[in-house]
Amino acid sequence: MNLRLKVLLGPVAVIAMFVAVVTMASVLASRASQEPSSTPAAAAAQTPPATAEPAPAAGEAAPKAEAPSAAQSKPYEEVPYRAVPRVGSRVAIWMVAQLHLLFAAFVLAIPIFALIVEAIGYKTGDRRYDRLAHEFTKLLSVSFSLTATFGAALTFMLIILYPKFTNYMMSVFSPTFLPYVLLFFFEAFFLYTYYYGWGKFHPLVHLGLGLGLNVVGTAIMFIANSWLTFMMSPRGVNSTGAVINVWEAVNNFTWMPINVHRMIANVAFGGSVAAAYAAFKFLQAETDEERAHYDWMGYIGNFVAISAFLPLPFAGYWLAKEIYAYSQTLGLTMMGGAFSWLFIIQAVLIGNLFLAANYYLWLGMGRVEGAQGFQKVIKYLLAVIVLCFMVWATPRSIIATVSEIRAMGGSSHPILGFLGVMSAKNTAVNILILTTFMSFLLYRRTGKVATVAWAKKGHAAQLTIFAAAALFVIFLGVYGYFVEATVRIKLSVPQVLSVLFAMVSITAIDVFLFRHATRTGEVRWGKMPVISQYVLIFIAVTFTWLMGLMGYVRSGLRQHWHVYGVIRDRSPDAFTPTLGFATQVVSVTVLLFFVLIGFVFWITSLHDRPDFEERGRVRHGSDDVTPAVSSGSSAHT
């Protein structure tokens, strides 16, 4: 796409958005003056007779002067719901909220690893890290504006479309609004000072600004999470919804698990989108230097994403456990009811993420000299990953015809049905995590030889820990088939702990083992096949889709409740949408997000382009500068 077409599309998109907003506002304003469609006929018939005027006689004109007074005497009635034409209120709120949350997650994640990368650059004195951190933050300014825009749109839509519910939430959480707004202003202050102050302050002062940005952003997320989780697991209110204790409403049953889960997920998501940006720039690069830089940037972004992704299932376990503890009804609806098949889709997506992440690492070994020895192991890792993927994606019950069910002897397959229970799935996901960790370990030591005296013992200790953890996980998975369900659920805890212990202890040994390692070959950054960059984009899209689907599960658990067990949803949308419909809504929203994030990438890439006047000189030659341009340049200098 050439530059003229891009310039033309910008105003066209703005005009289209303006027309859409004006049209929607006009429709909503016209509907606001009407009676709600759900108003019962009996209630409408009970209009006070005192306000009714006698009909004029035949041929007698109606008294126009009295019409305004009749309208003024009409009593105010709060409208519980308003409708959005065609798509409906719920879908409109759903899409805007999801876009807001995706950009908010991105804006929260980028400063975390920008701060870490900048701190590494300051500590090591390597300017590459400083440049990398600065380039990450270039994505922030436009993303922050889009986050605020979608947040404001979501607030206005909630007030217009769900006024009663919004009023109730405001009555419960009004003490949190002032801190939220103040923190938002502080976030804008820290963000723009951090970005525009790059290189202008002492490095420690600048790192302090980055730390302030992260602290404020995390506090904002915590407050917003309290509103969200209160709807699912309310606390601090009585049976009628009256507020008893605001702090208990904030610190409800699922608040802290979601805080932890979202913080980890945001880092993984932000890393994947930053890696996609690097892939976007790699594919556009024209020089080997640019390709080397963006190859390295994509590797760092993907490393951050996968590092955060590995402990994410454990945070998910904690959240699911708290949901079960709060309400078994919610827990059964989530894992054994209408949403159980959505977890099969989740398993497929996560399995693809593991495959793509490992594939990128295996491709990355090709850019390191002396990697042939480790590449022989890849086929075994691939076989383990595929096997675990197949087990994890196997459903307990299979969609089948009547004849097929009779042939199987039930809705479950006589052999594959055993792989659909939690014992098999917990085992599969833990082995998947261990295998991916092994890929990281192999990539990390590619092109290096340990020189410490205890190198053989160190390798043997690492291998022993890895094998012991894998065998222990498999043993507990098999043992789970012979115990009661309550015991089987508790077995997931030692499985998780053993995997975490293996990852931490092996990493600790590896750090000391390769501290003064000898290099057998250099890393040839930029020498990556093009398909590796599409793998990075695939990982980012899959992460985003996964977040959207899991967000639907979390909100959908409430079914016909705005606030579970307290405020009933009486709108026409008070039902659980089908998985097919939900998947379509999430997919369209993800597509819109990537169109917008592509806009962010394009805007950010303009920073690297030469100025208009410099392009003119290059196009016409340095001696062929027009007098106007020449005088303009002189005026600036």
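All residue numbers refer to positions in the sequence shown, counting from 1.
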For a side chain to side chain donor-acceptor pair (under 3.5 Å) check, start with the C-alpha distance between Asn238 and Thr240, then their side-chain angles and the critical distance, and finish with the verdict. CA-CA 5 Å; Asn238 62 20; Thr240 64; 2.7 Å; yes

is_close_aromatic(Trp94, Tyr552), centroid dist under 6.0 Å: yes

Any side-chain heavy atom of Asp569 within less than 4.5 Å of one from Trp561? no

Please check if the number of heavy atoms outside Phe501 that lie under 6.0 Å from its CZ is greater than 12. no

Looking only at non-hydrogen atoms, find the nearest pair between Leu434 and Phe466 and report the distance. O-CE1, 3.6 Å

Between Val246 and Val172, does a side chain to side chain contact (heavy atoms under 4.5 Å, CB included) hold up when you go through it step by step? CA-CA 7 Å; Val246 175; Val172 175; over 6 Å; no

Mind listing the closest non-hydrogen atom pair of Tyr162 and Ser89 along with its distance? OH-CB, 3.6 Å

Indicate the ring-plane relationship of Phe269 and Phe593, choosing parallel, tilted or perpendicular according to the 30° and 60° boundaries. tilted

Side-chain donor or acceptor of Arg235 paired with backbone N/O of Glu248 under 3.5 Å: no

With a 4.5 Å heavy-atom cut-off, do Gln346 and Leu549 have their side chains touching? no

Measure from the side-chain N and O atoms of Tyr324 to the backbone N and O of Gly331, and report whether any donor-acceptor pair falls under 3.5 Å. yes

Phe103 and Phe150 aromatic ring geometry - parallel, tilted or perpendicular at 30°/60° bounds: parallel

Measure from the side-chain N and O atoms of His562 to the backbone N and O of Ile567, and report whether any donor-acceptor pair falls under 3.5 Å. no

Supply the atom-to-atom distance Lys164 NZ to Arg570 CZ, rounded to the nearest 0.5 angstrom. 10.0 Å

Does the side chain of Tyr317 come within less than 4.5 Å of Val429's, by heavy atoms? yes

Main chain of Ala347, side chain of Lys425: is a donor-acceptor contact present, judged purely on distance under 3.5 Å? no

Stepwise, does the side chain to side chain contact (heavy atoms under 4.5 Å, CB included) test hold for Trp247 with Asn251? CA-CA 6 Å; Trp247 169 242; Asn251 186 25; 3.8 Å; yes

Just by modelled atom types, is the Phe106 backbone N or O under 3.5 Å from a matching donor or acceptor in the Ser143 side chain? no

Ignoring hydrogens, what is the shortest heavy-atom contact between Met232 and Ile258? Give both atom names and the distance. CE-CD1, 4.3 Å

Short side-chain to backbone donor-acceptor contact, Asn252 and Ala249, under 3.5 Å: yes

May I ask you to check whether over 12 heavy atoms, not counting those of Trp545, lie within 6.0 Å of atom CH2? no

Is it true that a side-chain atom of Thr155 and a backbone atom of Gly151 form a donor plus acceptor pair closer than 3.5 Å? yes

Please report the interatomic distance NZ(Lys321) to OG1(Thr254), rounded to the nearest 0.5 Å. 13.0 Å

Atom pair CG/CG of Asn214 and Leu108 - distance to nearest 0.5 Å: 8.5 Å

What closest approach, in Å, do Ile306 and Ala357 show between heavy atoms, and which atom pair accounts for it? CD1-CB, 3.4 Å

Do Asn426 and Ser492 have side-chain N/O donor and acceptor atoms under 3.5 Å apart? no

Would you please classify the geometry between the Phe354 ring and the Phe309 ring as parallel, tilted or perpendicular, with 30° and 60° separating the classes? tilted

Test side chain to side chain donor-acceptor pair (under 3.5 Å) on Thr542 and Asn352; report intermediate values, then the result. CA-CA 8 Å; Thr542 309; Asn352 277 293; over 6 Å; no

Between Trp227 and Phe177, is the ring centroid distance below 6.0 Å? yes

Given 3.5 Å as the limit, does a donor-acceptor pair link the side chain of Glu187 with the main chain of Gly217, or not? no

Candidate pair Leu355 and Leu382, rule side chain to side chain contact (heavy atoms under 4.5 Å, CB included), full reasoning: CA-CA 8 Å; Leu355 275 174; Leu382 177 62; 4.0 Å; yes

From SG (Cys388) to CD1 (Ile385), nearest 0.5 Å: 8.0 Å

Could you check whether any side-chain heavy atom of Leu596 comes within less than 4.5 Å of a side-chain heavy atom of Val600, counting everything from C-beta outward? no

Determine, step by step, whether Thr333 and Gln328 satisfy the side chain to side chain contact (heavy atoms under 4.5 Å, CB included) criterion, reporting the C-alpha distance in whole Å, the side-chain angles of both residues, the deciding distance to 0.1 Å, and the verdict. CA-CA 8 Å; Thr333 303; Gln328 286 195 358; over 6 Å; no

Measure the CE-CE distance between Met169 and Met231 for me, rounded to the nearest 0.5 Å. 6.0 Å

Please verify the inter-ring angle class for Phe144 with Phe184; under 30° counts as parallel, over 60° as perpendicular, anything in between as tilted. parallel

Give the intermediate values and the outcome of ring pair (Phe, Tyr, Trp, His ring centres under 6.0 Å) for residues Phe173 and Phe230. CA-CA 10 Å; Phe173 289 101; Phe230 174 80; 5.1 Å; yes

Over 12 non-hydrogen atoms of neighbours within 6.0 angstrom of CZ in Phe575: yes

So how far is it from Leu591 CG to Thr544 OG1, rounded to the nearest 0.5 Å? 11.5 Å

Is the CZ atom of Phe303 crowded by more than 12 outside heavy atoms at less than 6.0 Å? no

Please tell me if the side chains of Ser423 and Tyr479 come closer than 4.5 Å, counting only heavy atoms from C-beta onward. no

Side-chain heavy atoms of Leu161 within contact of Tyr81, under 4.5 Å: no

If you define the side chain from C-beta out and look only at heavy atoms, does anything of Pro494 sit under 4.5 Å from Leu476? yes

How far apart are the closest heavy atoms of Gly241 and Tyr168, and which atoms are they? O-OH, 2.7 Å

Show the nearest heavy-atom pair for residues Val267 and Ala308, with the distance to one decimal. CG1-CB, 3.8 Å

With heavy-atom distances below 4.5 Å as the criterion, would you say the side chains of Leu381 and Ser439 are in contact? yes

